[in-house]
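Below: the structure, in structure tokens.
Just so you know, these numbers come straight off a predicted model, no measurement behind them. Reckoned from all heavy atoms, side chains included, excluding hydrogens, waters and symmetry mates. Below, chains carry the letters A, B, ... as their sequence lines are ordered, and counting in each starts from 1.
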Protein chains: 2
Amino acid sequence: MAVASEFPLGRVDVALTPRERFAEFLQARGKRVTRQRQVIVDHVARRHEHFDAEQLLAELRGTPEGARASRPTVYRTLAEMVDAGLLKKMVLDGRAVYEHDYGYPQHDHLYCTGCRTLIEFTSDEVTQICNAVASRHQFRAQSHRLLVSGLCDRCRTSKSRARHQDRI
Amino acid sequence: MAVASEFPLGRVDVALTPRERFAEFLQARGKRVTRQRQVIVDHVARRHEHFDAEQLLAELRGTPEGARASRPTVYRTLAEMVDAGLLKKMVLDGRAVYEHDYGYPQHDHLYCTGCRTLIEFTSDEVTQICNAVASRHQFRAQSHRLLVSGLCDRCRTSKSRARHQDRI
DNA sequence: TTGTCTGCAAACACTTTGCACTTTT
DNA sequence: AAAAGTGCAAAGTGTTTGCAGACAA
């Protein structure tokens, strides 16, 4: 059994910064480039791990007055960033989790149900299988999401075993 | 590119009926075999499609007086059935969706973002890839979930295009 | 100026919980 | 009789919305 190449994921060369790309997207839609939207893109661009809306909100609360945004605005802007192709959204344990999409290669995840850590991996084969299956069903595959859940080395050997195994 | 065998999914021979297996599970845990729990297993066993808690609840509302169960009981019992290995739970569009697990082969899904239909397919290769990736990361893979989303034939050609593409 | 955006508070959908009463064992 | 389960109403959680005032174009 062959498995596609795998490598540490990182930023790939892209023409525009996330901020620029978002501004472009907003303008194309007749939306406005507001202070809040910029604060959010910039902050998100600085992060490199997965995060959820409340986490982001909490982080913004810790920044100077002028660099904050309210809860509704955070939610609204995250949705726009997904539309803009800057972020990818997935639902885990009942809440939405975001990760960078812009300038990052397609990848999937290992999820440790013990410590709730996400680890990224890539596999071209998965994509190929998706396409093959889709065409067999007259489907046009637009994307796929593969989540392999289990226990990481640490959680497997530690006493504090996995809890949330039912909430994939 | 080779893709694993694929076949219409159906009930596989198993020793016990879902009702019996659930009773066994309950007894093993010192839980009681109540009228409501039986009503729910039986009803679920009769269904063969994917469903969510509110759907099930609505269906039970339409049955004779003695064959109903309250919302909390439905939610509690579905969780128990997942524990018992009778049902599998997945989260789609923000709500939990259940499908049979007992006596059914492992499979994955195509999801049409237009009409929100789920289509099952099997692929041994996916499982193999999961295991290979997991072991490379010192993970013990317990399960995986692969969702290929896109548009089915009908939705692709109809005018009413997909909406909810962001809520996988 | 014009129309969009923001933030507040309130509403939401889905799910879970506290508790007095009922039922299984 | 003892222990666990049920249903009701109420509380939660994460997320969305209506609307008046604030702001970008």
Practice task
Using a cut-off of strictly less than 4.0 Å, decide whether Thr34(A) has a side-chain nitrogen or oxygen near OP1 or OP2 of dT4(C).
Solution key: no

Problem - Atom pair distance, as rounded to whole Å: CD in Glu80(B) and C1' in dT16(C) - result: 14 Å

Practice task
For Gln27(B) and for Val97(B), locate the closest nucleotide of DNA chain C by heavy-atom distance; then report the residue assigned to the nucleotide nearer the 5' terminus.
Solution key: Val97(B)

Practice task
Report the C-alpha distance between Glu54(A) and Arg71(A) in whole Å, list the side-chain angles of each, state the deciding distance to 0.1 Å, and finish with yes or no for side chain to side chain contact (heavy atoms under 4.5 Å, CB included).
Solution key: CA-CA 8 Å; Glu54(A) 295 297 325; Arg71(A) 173 172 285 111; 2.9 Å; yes

Practice task
Using a 4.0 Å heavy-atom cut-off, write out nucleotides 7-14 of chain C from 5' to 3' as B (base contacted by protein), S (sugar-phosphate only) or - (no contact).
Solution key: BBB----S

Problem - Between dT6(C) (C1') and Gln38(A) (CD): distance, integer Å - result: 15 Å

Exercise for the section: Report yes or no: does Thr77(B) contribute a side-chain atom to a donor-acceptor pair with the main-chain N or O of Val74(B) at less than 3.5 Å? Expected result: no

Fill in the blank from the handout: Gln55(A) CD to dG14(D) P, in whole Å, measures 11 Å

Handout entry: Donor-acceptor pair between His48(A) and Tyr104(A) side chains, under 3.5 angstrom
Key = yes

Handout entry: Any donor-acceptor N or O pair under 3.5 Å, side chains Glu99(B), His107(B)
Key = yes

Handout entry: Gap between atoms CZ and P, on Phe51(A) and dG14(D) respectively (whole Å)
Key = 16 Å

Handout entry: N or O in side chain of Arg37(B) less than 4.0 angstrom from dG5(D) OP1/OP2
Key = yes

Practice task
Check the distance between dG5(D)'s P and Phe22(B)'s CZ and give it to me in whole angstrom.
Solution key: 10 Å

Practice task
Among residues two or more places apart or on two chains, list those pairs meeting ring-ring contact (aromatic ring centres under 6.0 Å, His included) that have a residue in residues 70-98 of chain B.
Solution key: Phe51(B)-Tyr98(B)

Problem - Val44(A) and Leu56(A), any side-chain heavy atoms less than 4.5 Å apart - result: yes

